[in-house]
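FYI, side chains are in, hydrogens and waters are out, and symmetry mates aren't considered; it's all heavy atoms of this structure.
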Amino acid sequence: MAFFPPGIPVSKRLFDLALILISAPVSIPVILLTAGLVRLLHGAPVLFSQVRPGYKGQPFTLYKFRTMADRRDAGGNPLPDAERLTGFGRFLRGSSLDELPELWNVLRGEMSLVGPRPLLMQYLERYSPEQARRMDVLPGITGWAQVNGRNNVSWEIKFELDVWYVDHWSLWLDVKILFLTLWKVVRREGINEPGNATAREFMGSGKP
């Protein structure tokens, strides 16, 4: 991915880079402290990495802090997410500190501070043509869907919100979403889908 991805407004890219630079005196110590605690409580590796679809579905490697321990059953198989998610991991997710390594993805031009969340590669073939329009912008650390329900709304509603963002993007909207994100983090709203550690897998619209 280019440092200034073609098709992405230069003003949005400069806005992201400026905010990262301004926040660096605070964000860098927080990142280092969080990394140390993850290493102490969860062991190595400190980072969770996974290939995700980005702008126009182009794959990239996303980085987050680990929130789950490597717990397995007698057969060596990983336990369900709810059983591997630690108390510290819940804190990281609730405070969104687990997302901080994604600032590296933003610096590389693979993500933006604000945009539809990058989901799983297998979802690409499950999107409807309208839902796939969510990838017409850079994926984000936070987004319009995250401040309007996060994991408490259905996939279909989240995708509708993502496409709305694509159609109505502006720098002022990004500023609004960032402030609303801070408010949601403080109130710890919408972190988990009821009955799940995070959110259920998207199987395609109209499928269970």
Side-chain angles (χ1 to χ4, degrees), residues 8 12 16 48 50-60 62-65 67-68 80-82 85 89-90 92-103 105-106 110-208:
I8 299 301
K12 180 175 178 63
D16 286 344
F48 165 83
Q50 189 175 56
V51 175
R52 299 282 181 94
Y55 181 52
K56 300 296 185 181
Q58 195 70 20
F60 73 99
L62 174 142
Y63 297 97
K64 300 174 69 171
F65 282 124
T67 58
M68 295 186 183
D81 287 356
L85 183 62
R90 290 189 181 89
L92 290 178
R93 290 190 179 189
S95 61
S96 294
L97 290 174
D98 64 317
E99 311 281 0
L100 286 176
E102 292 170 36
L103 292 174
N105 294 116
V106 177
E110 298 163 331
M111 291 181 65
S112 174
L113 294 176
V114 180
R117 286 293 299 162
L119 300 175
L120 301 177
M121 293 298 296
Q122 60 262 36
Y123 289 5
L124 289 176
E125 61 187 21
R126 302 174 189 175
Y127 292 138
S128 69
E130 178 69 7
Q131 291 169 344
R133 291 180 57 222
R134 67 190 302 276
M135 293 181 292
D136 287 348
V137 295
L138 285 172
I141 295 178
T142 186
W144 190 234
Q146 280 60 54
V147 298
N148 284 282
R150 199 171 176 181
N151 285 325
N152 277 338
V153 297
S154 68
W155 281 116
E156 287 72 21
I157 292 175
K158 278 190 276 194
F159 296 153
E160 288 175 9
L161 292 167
D162 288 339
V163 172
W164 185 94
Y165 172 81
V166 172
D167 293 336
H168 295 84
W169 173 82
S170 70
L171 285 180
W172 287 115
L173 180 58
D174 278 4
V175 171
K176 177 180 179 179
I177 291 171
L178 288 172
F179 276 109
L180 287 173
T181 298
L182 290 175
W183 176 246
K184 291 283 184 178
V185 168
V186 169
R187 299 194 63 181
R188 300 173 64 84
E189 292 180 349
I191 298 167
N192 301 323
E193 182 182 51
N196 294 276
T198 51
R200 62 182 173 85
E201 183 176 356
F202 174 64
M203 302 305 296
S205 295
K207 299 179 181 179

- Item | Derivation and outcome, salt bridge (Lys or Arg N to Asp or Glu O under 4.0 Å), residues Glu201 and Arg126 | CA-CA 11 Å; Glu201 183 176 356; Arg126 302 174 189 175; 2.9 Å; yes
In the structure I gave you, are the side-chain heavy atoms of [X] and [Y] within less than 4.5 Å of one another anywhere?
{"X": "Asn148", "Y": "Val153", "answer": "no"}
{"X": "Arg90", "Y": "Arg93", "answer": "no"}
{"X": "Tyr127", "Y": "Met135", "answer": "yes"}
{"X": "Gln146", "Y": "Thr181", "answer": "no"}
{"X": "Phe60", "Y": "Tyr55", "answer": "no"}

Do [X] side-chain atoms and [Y] backbone N/O form a donor-acceptor pair below 3.5 Å?
{"X": "Asn105", "Y": "Tyr63", "value": "yes"}
{"X": "Arg52", "Y": "Pro118", "value": "yes"}
{"X": "Arg117", "Y": "Ile141", "value": "yes"}
{"X": "Ser96", "Y": "Glu99", "value": "no"}
{"X": "Tyr123", "Y": "Phe202", "value": "yes"}

- Message: With side-chain contact (heavy atoms from CB on, under 4.5 Å) as the test, pick out the partner of Asp162 among Gln131, Arg133, Arg134.
- Response: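 So the option named by the test is Arg134.
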- Please work out which of the three classes, parallel, tilted or perpendicular, describes the rings of Trp164 and Trp144, given edges at 30° and 60°.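 Answer is parallel, since the angle falls under 30°.
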